[in-house]
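Since the structure is predicted, the reported quantities are computational estimates derived from the model, not experimental observations. Labels below follow one simple rule: chain letters A, B, ... track the order of the sequence lines, proteins then strands, and each chain is numbered from 1.
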Amino acid sequence: MSHLTENLNPPQFAAVTLPAQHALILAGAGSGKTRVLTTRIAWLIQSSLVSPQGVLAVTFTNKAAKEMLTRLTAMLPINTRGMWIGTFHGLCNRLLRAHHRDANLPQLFQILDSADQLSAIKRLLKALNVDDEKFPPRDLQHFINACKEEGLRPAAVEAWDDFTRKRVALYQEYENQCQREGVVDFAELLLRTYELLERNEPVRAHYQQRFRHILVDEFQDTNTLQYRWLKLLAGGGASVFAVGDDDQSIYAFRGANVGNMRDFEREFHVENVVRLEQNYRSHGNILDAANAIIKHNPDRLGKNLWTDAGAGEPIRVYSALTDLDEARFIVDEIRALVNEGASRSEVALLYRSNAQSRVLEHALFSAGMPYRVYGGLRFFERQEIKHALGYMRLMANPDDDTAFLRVVNFPTRGIGARSLEALQDAARTGGSSLYLAVPAVGGKAGASVGAFVSLIEKLKSACEGLSLPEMVEQVVEQSGLRAHYLADREGEDRLANLAELVNAAANFVSESEEPTLSNFLTHASLEAGEHQAEASTEAVQLMTVHAAKGLEFDVVFLSGLEEGLFPHENSITDPKGLQEERRLMYVAITRARQRLYLSLAQSRMLHGQTRYNLISRFVDEIPEGLTKWLTPKRGEMGFGDYYAPAEPAPRAVPRASTSRAVEGLRVGQAVEHAKFGQGVIVAAEGGGSDARVQVNFGRQGVKWLALSIAKLTPVA
DNA sequence: AATCCGTCTATTTTT
DNA sequence: TAGACGGATT
């Protein structure tokens with residue numbers, strides 16, 4: 001009974017062994033959060049405080065859910081079958097399948113991923129003849145998802161102007177279309193489940209009584225609907241064990257509401273708040289820097305990370321002249337580290353936005369340094385995979401117009417726009433799906449479209465009694481996909497991916513309890529799959545800071561630490577946005593175990609223009625004693641010690657057209673202004689008494705100043 | 001049906 | 001700068 005809690009530190013132990021009451025666990029970065037969560041479940045079960053059936057554990061990603069399950073099976077000798085451990089969406093799916101009638105859904109409803117949803121919306125707009133300039137599909141998609149995430153059906157959305165009224169009407173049309181086609185989007189999974197529980201008293205009572213302990217991971221990332229969903233499920237007296245870190249809330253832009261943590265504490269009358277502040281990951285200097293930065297945020301729930309691992313190395317700061325120099329510095333440094341025996345896979349290269357990876361990748365590539373970029377296209381999102389799945393979706397559900405349109409003419413089989421128009425007319429008249437409207441279409445169009453239906457029917461009978469992987473093979477073969485990519489001289493990779501899809505199906509069969517076609521399709525939508533096949537293992541890891549959340553590395557390079565990039569310019573004027581940027585910085589820093597590099601470029605190419613940025617305020621927020629500058633600090637350069645990069649002169653920095661010298665000042669020159677402080681000249685125009693320069697003062701903004709009026713003193 | 005070309009846009013992203 | 005997209009061209 002005791003070995004579970006062995007080696008837990010006091011707060012961890014306290015959290016794991018809390019009585020059956022609501023609890024809020026503030027788990028700092030690297031504080032053993034997953035361990036506490038899983039040990040809590042194991043402890044509850046082992047102490048007979050709950051049966052496995054009484055546990056509901058929710059995560060955001062499949063990866064986290066899988067991790068939890070793996071650890072749990074290692075801790076407990078029981079099988080985890082009866083346990084509900086999964087993502088919000090996965091659990092909702094499970095619930096809706098079990099109660100599809102009560103939820104007014106077909107048993108084999110399909111799940112639309114974001115791309116499917118977007119194409120469904122585009123199709124809707126076209127069918128309704130809506131001007132997609134006025135109502136861009138993407139905006140509408142966001143609008144619809146935002147409404148659903150607030151728990152609002154069209155009738156409940158307040159619309160005070162024509163524009164909003166129209167959007168709400170389109171939202172309603174979209175709902176009708178989805179219902180007609182038997183498909184649900186991601187947000188719908190949650191909303192539909194919420195409504196099911198809310199309106200159906202027997203179903204609600206059943207689950208409220210069943211789940212005695214509800215555990216939530218990454219609570220700071222929950223949105224409004226998820227919070228209400230939890231509240232509803234816990235309404236029967238369950239204890240909610242919420243684990244989260246308000247300082248790592250970095251997904252507000254997609255609906256996450258950190259306020260849920262405070263609301264939870266208040267509305268659930270939480271008396272057990274446990275802080276996990278001992279960090280087992282990073283050295284002291286790194287934690288001190290993270291603490292110092294995050295202290296600049298007001299309204300925190302409050303937490304201070306500490307370690308007994310010792311201060312470790314200082315944080316290295318490098319100010320490069322250009323983005324190219326920055327990349328070269330990083331590559332040189334990594335090469336040196338690797339020569340000293342570091343493992344490339346333990347080196348991470350982080351950046352705020354994806355666009356920044358290009359220069360870095362180029363430098364790594366030229367140096368022959370293996371690297372891996374996270375966050376590309378995922379397996380089930382590749383077009384050839386989507387095509388193959390499109391056929392399978394149509395086989396499972398003839399009402400799925402999205403799937404129909406995706407594959408009806410791919411590979412091309414002479415079904416053009418006019419045939420489809422005729423078909424769409426027929427479908428509209430008959431109030432049916434495209435597939436079922438086919439018999440109603442005559443003439444040439446009817447023939448070509450009819451042939452397609454025959455193909456699907458033929459596939460269906462050919463697949464009868466086959467296993468999933470065999471079905472995939474049949475589909476790839478008979479649909480003509482294989483022949484198509486075989487004929488395409490760039491189709492080699494796609495064919496390989498289709499072969500991989502057969503493997504994926506085989507894996508699914510061996511792992512799934514009920515490997516039906518429909519379940520496989522659900523799996524494909526809900527778990528889009530690893531970003532890429534594990535490329536060569538010994539590679540430097542490149543990713544955005546967002547993608548790095550939850551990961552850790554011996555060495556971290558954090559690049560592009562410039563005002564406008566990080567914090568990003570779109571967030572700089574909004575206090576909330578700036579605070580989220582700061583939390584992002586906090587996440588970035590706490591990824592490093594032993595060594596942390598911060599780098600920036602004084603000028604960089606962005607959107608085809610050279611930009612001159614000031615050093616990020618976040619670097620300034622780190623106490624001096626924690627850092628070691630590898631280059632002279634801006635503003636501290638004397639005449640003699642201009643920093644010369646290791647290579648000869650840096651490549652000519654591309655100049656903006658207005659960069660000619662004006663009154664002794666030039667573009668790129670750092671200047672001081674009495675009121676605005678330090679800035680960098682980014683453009684200049686006019687001459688003589690008209691001369692004006694544009695100066696980027698960072699947090700004070702970018703200003704045009706007339707040299708005849710403003711006093712600007714060159715710095716450094 | 002495939003290709004070409006001009007236009008537009010440019011945080012972060014899981015399910 | 002570069003990529004994605006849509007419309008027009010062949």
Side-chain angles (χ1 to χ4, degrees), chain A residues 58-65 86-93 111-118 122 132-133 136-138 141-142 145 148-149 184-191 193 217-218 221-223 225-226 248-256 323-324 350-359 362 374-378 380-381 409-417 484 487-488 490 522-531 543-550 560 564-572 574 577-578 580-581 583-585 587-588 604-611 654:
Chain A
V58 204
T59 64
F60 277 88
T61 64
N62 293 299
K63 196 175 155 204
T87 63
F88 277 100
H89 295 86
L91 296 170
C92 286
N93 173 60
I111 298 170
L112 301 184
D113 66 18
S114 312
D116 296 332
Q117 184 188 31
L118 186 60
K122 282 182 181 163
D132 59 5
E133 300 264 282
R138 234 167 242 293
Q141 183 181 27
H142 289 143
N145 289 339
K148 290 191 182 187
E149 279 162 17
V184 299
D185 57 48
F186 288 137
E188 184 71 23
L189 281 171
L190 277 151
L191 183 51
T193 309
D217 190 19
E218 306 279 15
D221 288 339
T222 51
N223 65 32
L225 183 57
Q226 286 159 341
Q248 291 190 68
S249 163
I250 56 173
Y251 285 114
F253 70 90
R254 68 175 197 215
D323 45 355
L324 299 168
L350 309 184
Y351 34 82
R352 171 67 239 265
S353 60
N354 288 305
Q356 289 166 250
S357 77
R358 237 194 64 246
V359 178
H362 182 77
Y374 278 73
L377 248 201
R378 293 147 90 224
F380 285 110
E381 288 168 352
N409 199 32
F410 192 96
T412 50
R413 41 179 77 91
I415 300 177
H484 173 86
D488 185 347
E490 267 144 42
T522 297
H523 168 81
S525 307
L526 242 33
E527 304 183 36
E530 295 299 294
H531 287 286
M543 65 193 87
T544 63
V545 178
H546 280 92
K549 187 174 164 226
L565 265 190
F566 198 2
H568 195 273
E569 56 190 344
N570 295 359
S571 312
I572 243 163
D574 165 41
L578 191 57
E580 179 142 322
E581 294 288 307
R583 292 193 291 267
L584 199 50
M585 180 72 179
V587 167
R604 83 164 59 233
M605 202 53 136
L606 197 66
H607 306 333
Q609 275 190 321
T610 306
R611 308 222 323 193

request  = For B:dT15, take OP1 and OP2 only and decide whether either is under 4.0 Å from a side-chain N or O of A:Asn93.
outcome  = no
query = Are any of A:Arg254's side-chain N or O atoms less than 4.0 Å away from OP1 or OP2 of B:dT15?
reply = no
A:Asp116 CG - B:dT15 C1' separation (whole Å) = 13 Å
N or O in side chain of A:Arg358 less than 4.0 angstrom from C:dT1 OP1/OP2 = no
message = Base, sugar-phosphate or nothing for A:Asn354? Non-hydrogen atoms, less than 4.0 Å.
response = sugar-phosphate
query = NA contact type, A:Tyr251, heavy-atom cut-off 4.0 Å: base, sugar-phosphate, or nothing?
reply = sugar-phosphate
query = Looking at the angle O4'-C1'-N9-C4 for a purine or O4'-C1'-N1-C2 for a pyrimidine, is B:dT12 syn or anti, with syn meaning within 90° of 0?
reply = anti
message = If you assign each of A:Gly416 and A:Phe253 to its closest nucleotide in DNA chain B, which residue comes earlier from the 5' end?
response = A:Gly416
Length of the NE2-C1' vector between A:His484 and B:dA2, whole Å = 11 Å
ask   = Are a donor atom and an acceptor atom from the side chains of A:Gln356 and A:Ser353 found within less than 3.5 Å of each other?
value = yes
inquiry  = If I pick the C1' atom on B:dT12 and the same atom on C:dC5, what distance separates them, to the nearest angstrom?
reply    = 22 Å
query = Do you know which two heavy atoms are closest between A:Ala187 and A:Asn145, and how far apart they sit?
reply = CB-OD1, 4.2 Å
Gap separating the CD atom of A:Glu527 from the NZ atom of A:Lys63, nearest 0.5 angstrom = 13.5 Å
query = In whole angstroms, how far is the P atom of B:dT15 from the NE2 atom of A:His89?
reply = 9 Å
request  = Select base, sugar-phosphate, or nothing to describe what A:Gln356 touches, counting heavy atoms under 4.0 Å on all strands.
outcome  = nothing
ask   = In whole angstroms, how far is the P atom of B:dT13 from the NZ atom of A:Lys63?
value = 14 Å
Donor/acceptor link under 3.5 angstrom from A:Ser114 side chain onto base of B:dT15 = yes
task = Please determine, for the side chain of A:Lys122, which listed nucleotide (C:dT1, B:dT13, C:dG6) has the closest atom?
result = C:dG6
ask   = How is A:Gly414 classified with respect to the nucleic acid when contacts are heavy atoms under 4.0 Å: base, sugar-phosphate, or nothing?
value = sugar-phosphate
task = Whole angstrom is fine here: how far is it from NE2 in A:His607 over to C1' in C:dA2?
result = 11 Å
request  = Answer yes or no as to whether B:dT11 has its base stacked against A:His568, where stacking requires a ring-centre separation under 5.5 angstrom and planes under 30 degrees apart.
outcome  = yes
request  = Give a yes/no answer on whether the side chain of A:Asn62 brings an N or O atom under 4.0 Å of OP1 or OP2 in B:dT15.
outcome  = yes
remark   = Here the distance between atom C1' of B:dA2 and atom CG of A:Asn409, to the nearest Å, is 13 Å
key: Nucleotide B:dT14, atom P - distance to NE2 of A:His142 in whole Å   = 13 Å
key: Nearest-neighbour nucleotide for the A:Arg378 side chain, B:dT15, B:dA1, B:dT11 considered   = B:dT15
message = Check this one for me: any side-chain N or O of A:Thr87 less than 4.0 Å away from OP1 or OP2 of B:dT14?
response = no
task = Please say which of A:Val58, A:Thr59, A:Asn93 ends up in a side chain to side chain contact (heavy atoms under 4.5 Å, CB included) with A:Thr87.
result = A:Thr59
query = So which nucleotide from B:dT12, B:dT15, C:dT1 ends up closest to the side chain of A:Leu526?
reply = B:dT15
request  = Anything under 30° is parallel, anything over 60° is perpendicular, the rest tilted; go ahead and classify A:Tyr251 against A:His546.
outcome  = tilted
ask   = Quick one: does A:Asp132's side chain have a donor or acceptor within less than 3.5 Å of a partner on A:Pro136's backbone?
value = no
message = Could you tell me how far apart A:Leu606 (CG) and C:dG3 (C1') are, to the nearest whole angstrom?
response = 14 Å
